[in-house]
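Written below as structure tokens is the structure these notes are about.
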Amino acid sequence: MIDPSSTKLVSKTTEQSSTGESVQPDISYIKRIDEQSLMHLFDGILKKKPLFIDRERLSTSYIPATLPHREQEITELANILAPALDLNAPSNIIVYGKPGVGKTAAITLVGKELERKAIEIGKRVSVIHINCQYTGTLYRILNTLAQQFIDNLSNDRPFIGLPTDEVYAKTLSLLDTTNRAVIIVLDEIDKLKEDTALYLLTRINNDLHNTKVSIIGISNNLCFTDPLDARVKSSLSQETIVFNPYNAEQLQDILRTRSQQALKPDVLSVEVIPLCAALAAQEHGDARKALDLLRVSIEIAERKCDHAVSSKHVRLAQNKIEKDRIAEVIHSLPAQERLLVHAIRVLQRYNKHMGNPSAMITGELYSQYAEISKTVHYTPLSQRRVADFISELDSLGIISAKVISKGRYGTTREIQLMVPLTELEHILQDDEFTEELGHIKMKNQTKLL
DNA sequence: CCTCCACCGGAACGTGAGGAGT
DNA sequence: ACTCCTCACGTTCCGGTGGAGG
């Protein structure tokens with residue numbers, strides 16, 4: 001976030017000093033801002049009565065000491081992992097469950113307890129968490145693993161620029177220096193880009209003498225093992241644990257427990273927790289969503305200086321979360337994909353103007369995109385590539401793209417904007433292409449009119 | 001019933017940036 | 001300078017696909 005006023009300050013002062021004359025930058029107006037507003041900038045905020053005691057407790061990254069309604073899964077995990085304390089390799093586990101059902105939290109909790117217990121009884125047990133979304137190749141996984149065991153005092157460095165088999169060999173030698181158990185947690189294991197990685201990792205114990213390794217794979221996708229090699233599949237899923245979605249009542253429990261620790265008493269109206277829970281339960285019982293909703297509701301109430309949070313704040317929070325998400329997604333898109341969003345915007349505006357309620361189709365959208373690209377002096381990408389962008393925008397929830405057959409007139413995708421047009425236009429207001437495309441929209445419309 | 005359109009979407013491949021060892 | 005790798009981004013090719021229309 002860049003504060004526009006601060007950029008103005010910078011540009012003004014540099015402008016003055018760049019004239020070449022030895023003039024001191026005029027800072028009188030800065031003083032004015034200081035004295036008149038900045039001095040009191042935080043006063044009002046500080047005067048507001050905070051509703052939080054400990055905001056962190058409602059953060060999705062906070063891992064509480066207990067996880068309500070996950071006792072059974074935690075016990076199961078602990079039973080399977082217990083052999084690690086005798087330096088035996090526990091069975092490999094696959095943990096399934098939708099986002100926000102406590103998979104990662106439960107495993108982190110059990111992992112920490114396992115490491116603590118190991119220290120207590122004088123054994124070496126390490127639990128290493130790797131997110132395959134960011135570390136999706138064998139090479140990177142090996143590097144991450146190796147880094148955990150590199151002796152800080154030695155000169156060993158992470159290896160880059162070596163053949164993968166050499167990195168594998170070096171990682172093994174680092175792992176195998178002493179008797180220990182290592183549990184590798186592969187979060188979002190379905191994002192792993194190489195099947196060979198799983199093959200090697202599940203057979204790693206054959207190449208080790210002192211260390212025992214076992215794998216915990218976490219996946220949202222129940223079918224992710226389907227395309228895998230049968231040997232990998234059986235070795236990876238020796239044990240399977242499924243985390244079912246929380247229902248609304250369980251979500252209420254979670255929210256109550258957390259808010260008791262996070263908030264001052266009597267801050268929440270009675271309907272708030274049931275409403276947050278119900279809204280999150282609609283989306284596959286996602287506790288993260290429920291917590292976000294509650295936290296943002298409280299923040300909104302706090303900002304409005306309200307003494308209690310009501311359903312009104314929850315609704316506002318729900319809107320805000322969705323708007324922020326869409327805006328963030330669109331702003332972070334690469335230029336070509338944003339040009340496609342502009343094409344959608346222009347077509348949607350045109351259709352609305354013409355009173356034409358029908359959805360866009362791929363061919364139509366591609367032509368509009370190509371025209372817009374040329375206007376801003378970009379080379380339009382191939383239709384194949386743009387088809388992938390359309391799928392991506394669909395999965396991001398910005399549009400809905402449905403494959404339909406128009407019979408003799410071919411197969412296409414019917415594309416509908418899922419964000420209100422005015423909101424999309426608002427989001428694109430400060431986009432780098434908007435100004436240049438402003439007149440095109442008009443030209444296009446008059447031409448088509 | 002068959003044809004055929006306008007795409008879909010998988011597969012294979014190319015390119016170039018970037019990082020670090022040799 | 002070269003090697004060995006990842007990774008992002010893109011293209012071309014081509015076998016489907018499903019229903020309107022002949």
Side-chain angles (χ1 to χ4, degrees), chain A residues 130-147 150-152 154-174 186-201 221 223-224 226-229 329-341 343-344 347 358-374 376-396 398-416 432-433:
Chain A
I130 297 175
N131 192 321
C132 301
Q133 179 154 31
Y134 313 114
T135 316
T137 57
L138 177 63
Y139 198 87
R140 286 184 147 206
I141 289 175
L142 291 173
N143 247 330
T144 311
L145 270 178
Q147 280 185 48
I150 284 175
D151 179 357
N152 287 334
S154 76
N155 287 325
D156 287 334
R157 307 264 311 275
F159 351 100
I160 294 174
L162 297 177
T164 307
D165 52 351
E166 212 167 308
V167 177
Y168 181 71
K170 286 200 174 193
T171 306
L172 286 194
S173 66
L174 278 168
L186 297 174
D187 209 338
E188 304 200 47
I189 193 170
D190 41 318
K191 300 274 161 55
L192 208 57
K193 291 181 185 92
E194 302 161 9
D195 292 351
T196 48
L198 283 179
Y199 182 76
L200 270 175
L201 288 171
N221 179 4
C223 311
F224 109 89
D226 287 357
L228 295 179
D229 179 283
V329 163
I330 291 179
H331 288 142
S332 62
L333 292 175
Q336 290 281 11
E337 220 165 332
R338 264 188 353 263
L339 287 171
L340 182 66
V341 177
I344 294 168
L347 271 181
S358 65
M360 301 159 245
I361 59 168
T362 306
E364 192 183 24
L365 180 58
Y366 182 72
S367 323
Q368 183 68 60
Y369 152 81
E371 192 185 326
I372 280 182
S373 298
K374 285 176 200 152
V376 294
H377 311 292
Y378 272 64
T379 314
L381 301 179
S382 65
Q383 186 156 344
R384 179 69 190 84
R385 184 80 188 108
V386 171
D388 282 342
F389 289 166
I390 293 175
S391 306
E392 210 176 307
L393 294 179
D394 181 26
S395 64
L396 289 169
I398 296 167
I399 57 172
S400 150
K402 210 169 54 190
V403 179
I404 56 155
S405 172
K406 292 171 87 72
R408 197 166 177 73
Y409 305 103
T411 304
T412 186
R413 271 189 293 190
E414 200 176 68
I415 298 151
Q416 261 168 331
E432 57 173 312
F433 300 123

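What's counted below: heavy atoms across the whole structure, side chains too, no hydrogens, waters or symmetry copies. Lettering of chains follows the sequences in order, A, B, ..., and the numbering in each one begins at 1.
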Please list each protein N or O that sits under 3.5 Å from an N or O in nucleotides 20-22 of chain C, with the distance.
{"residue": "C:dA20", "atom": "O4'", "partner": "A:R408", "partner atom": "N", "Å": "3.2"}

A:L201 side chain near A:L186 side chain, heavy-atom distance below 4.5 Å: yes
Nearest-angstrom distance from the residue atom CD of A:Q336 to P of C:dG10: 6 Å
Nearest whole Å is fine: how far is B:dC7 C1' from A:I415 CD1? 11 Å
Contacts of A:R385 that satisfy salt bridge (charged side-chain N to carboxylate O under 4.0 Å, His left out) - sequence neighbours left out: A:D388
Whole-Å distance separating the CD1 atom of A:I361 from the P atom of B:dA6: 9 Å
Output the distance between atom OG (A:S391) and atom CD1 (A:I399), rounded to the nearest 0.5 Å. 8.0 Å
Check the phosphate of C:dG10 against A:S382, side-chain N and O only, distance under 4.0 Å to OP1 or OP2. Yes or no? no
Atom-to-atom span, CD of A:E364 to P of B:dC5 - whole angstrom: 20 Å
Listed by chain and number, what are the side-chain contact (heavy atoms from CB on, under 4.5 Å) partners of A:K402, not counting sequence neighbours? A:I404, A:E414
All N/O donor-acceptor pairs, side-chain side in residues 359-366 of chain A, below 3.5 Å, sequence neighbours left out:
{"residue": "A:T362", "atom": "OG1", "partner": "A:T412", "partner atom": "OG1", "Å": "3.4"}
{"residue": "A:T362", "atom": "OG1", "partner": "A:R413", "partner atom": "N", "Å": "3.3"}
{"residue": "A:E364", "atom": "OE1", "partner": "A:I361", "partner atom": "N", "Å": "3.1"}
{"residue": "A:Y366", "atom": "OH", "partner": "A:L381", "partner atom": "O", "Å": "2.6"}

Residue set satisfying ring pair (Phe, Tyr, Trp, His ring centres under 6.0 Å) with A:Y378, at least two apart, ordered chain then number -> A:F433
Using a 4.0 Å heavy-atom cut-off across all strands, classify A:Y366 as base, sugar-phosphate, or nothing. nothing
Can you spot which of A:V341, A:I390, A:L340 makes a side-chain contact (heavy atoms from CB on, under 4.5 Å) with A:Y369? A:L340
side-chain contact (heavy atoms from CB on, under 4.5 Å) for A:L393 and A:I344? Distances and angles first, verdict last. CA-CA 11 Å; A:L393 294 179; A:I344 294 168; 3.9 Å; yes
Provide, to the nearest angstrom, the distance between the CD atom belonging to A:E337 and the C1' atom belonging to C:dA8. 13 Å
Got a list of protein N/O to nucleotides 8-12 of chain B N/O distances below 3.5 Å?
{"residue": "B:dC8", "atom": "OP1", "partner": "A:T362", "partner atom": "OG1", "Å": "2.6"}
{"residue": "B:dC8", "atom": "OP1", "partner": "A:R413", "partner atom": "NE", "Å": "3.1"}
{"residue": "B:dG9", "atom": "OP2", "partner": "A:R413", "partner atom": "NH1", "Å": "3.2"}
{"residue": "B:dG9", "atom": "N7", "partner": "A:R384", "partner atom": "NE", "Å": "3.2"}
{"residue": "B:dG10", "atom": "N7", "partner": "A:R384", "partner atom": "NH2", "Å": "2.9"}
{"residue": "B:dG10", "atom": "O6", "partner": "A:R384", "partner atom": "NE", "Å": "2.8"}

To check you understand the geometry: which heavy-atom pair defines the closest contact between A:D394 and A:A401, and what is its length? OD1-N, 3.4 Å
Can you check the A:E414 CD to B:dA6 P distance for me, whole Å? 17 Å
